[in-house]
Amino acid sequence: MKKLSMALTLFAVAALAGCGATNDYTPPADASGERIFSTACTECHKPLKGDVAMILSEKSANKEALKNKFQNGSMRMPAFPNIKGEAADRLADYLLANSEIQ
């Protein structure tokens with residue numbers, strides 16, 4: 001029983017490792033949304049195919065929701081607080097134009 005409890009604890013710690021994490025990536029001033037995505041996001045979010053970057057839920061398929069998500073992070077996703085202003089708009093526009101919505 002102790003082994004099972006320890007295994008579950010270790011799994012929970014590993015699953016939550018991204019909680020509250022922050023990534024200090026700052027995109028160049030002239031970076032396109034595609035370049036920001038390929039630099040900051042593809043470590044975890046592999047493009048599904050050539051013209052589809054991600055699958056977005058209807059709830060998150062708007063510019064403000066996307067910007068909130070990548071700037072503040074979530075359970076497993078680190079925050080990218082330095083993607084802001086025009087760079088944030090370019091990344092959100094890229095995601096909206098190059099993702100499937102379900």
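Keep in mind that the numbers below use all heavy atoms, side chains included, and drop hydrogens, waters and symmetry copies. Note that the coordinates shown come from a computational prediction; the quantities given were computed from them, not determined experimentally.
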Asn82 and Tyr25: CA distance, side-chain angles, deciding distance, side-chain contact (heavy atoms from CB on, under 4.5 Å) verdict: CA-CA 6 Å; Asn82 297 330; Tyr25 167 75; over 6 Å; no
List the atom of [X], the atom of [Y], and the distance in Å for their closest heavy-atom pair.
X     : Y     : result
Ala31 : Ile36 : CB-CG1, 3.8 Å
Ser99 : Leu95 : OG-O, 2.7 Å
Asn23 : Pro78 : N-CB, 4.3 Å
Lys69 : Ser74 : NZ-OG, 3.3 Å

Min side-chain heavy-atom separation Pro27-Thr39 under 4.5 Å: no
Please report the interatomic distance [atom1]([X]) to [atom2]([Y]), rounded to the nearest 0.5 Å.
X     : Y     : atom1 : atom2 : result
Arg90 : Ser32 : CZ    : OG    : 8.0 Å
Leu96 : Leu91 : CG    : CG    : 9.5 Å
Phe80 : Asn72 : CZ    : CG    : 12.5 Å

Shared hydrophobic cluster, Met54 / Ile101 (ILVMFWY, side-chain heavy atoms < 4.5 Å): no
Ser38 (side chain) donor-acceptor with Arg35 (main chain) under 3.5 angstrom: yes
Main-chain N/O of Ser60 paired to Ser57 side chain as donor or acceptor, under 3.5 Å: yes
Ile55: hydrophobic cluster co-members (side-chain, 4.5 Å): Leu48, Val52
Mutual orientation of the aromatic rings belonging to Phe37 and Tyr94 [parallel < 30°, tilted 30-60°, perpendicular > 60°]: tilted
With sequence neighbours excluded, residues passing salt bridge (charged side-chain N to carboxylate O under 4.0 Å, His left out) with Glu34: none
Heavy-atom neighbours of Lys46 NZ exceed 12 at 6.0 Å: yes
With Lys67 via side-chain contact (heavy atoms from CB on, under 4.5 Å) - residues at least two apart: Lys63, Glu64, Phe70, Gln71, Ala88, Asp89, Ala92
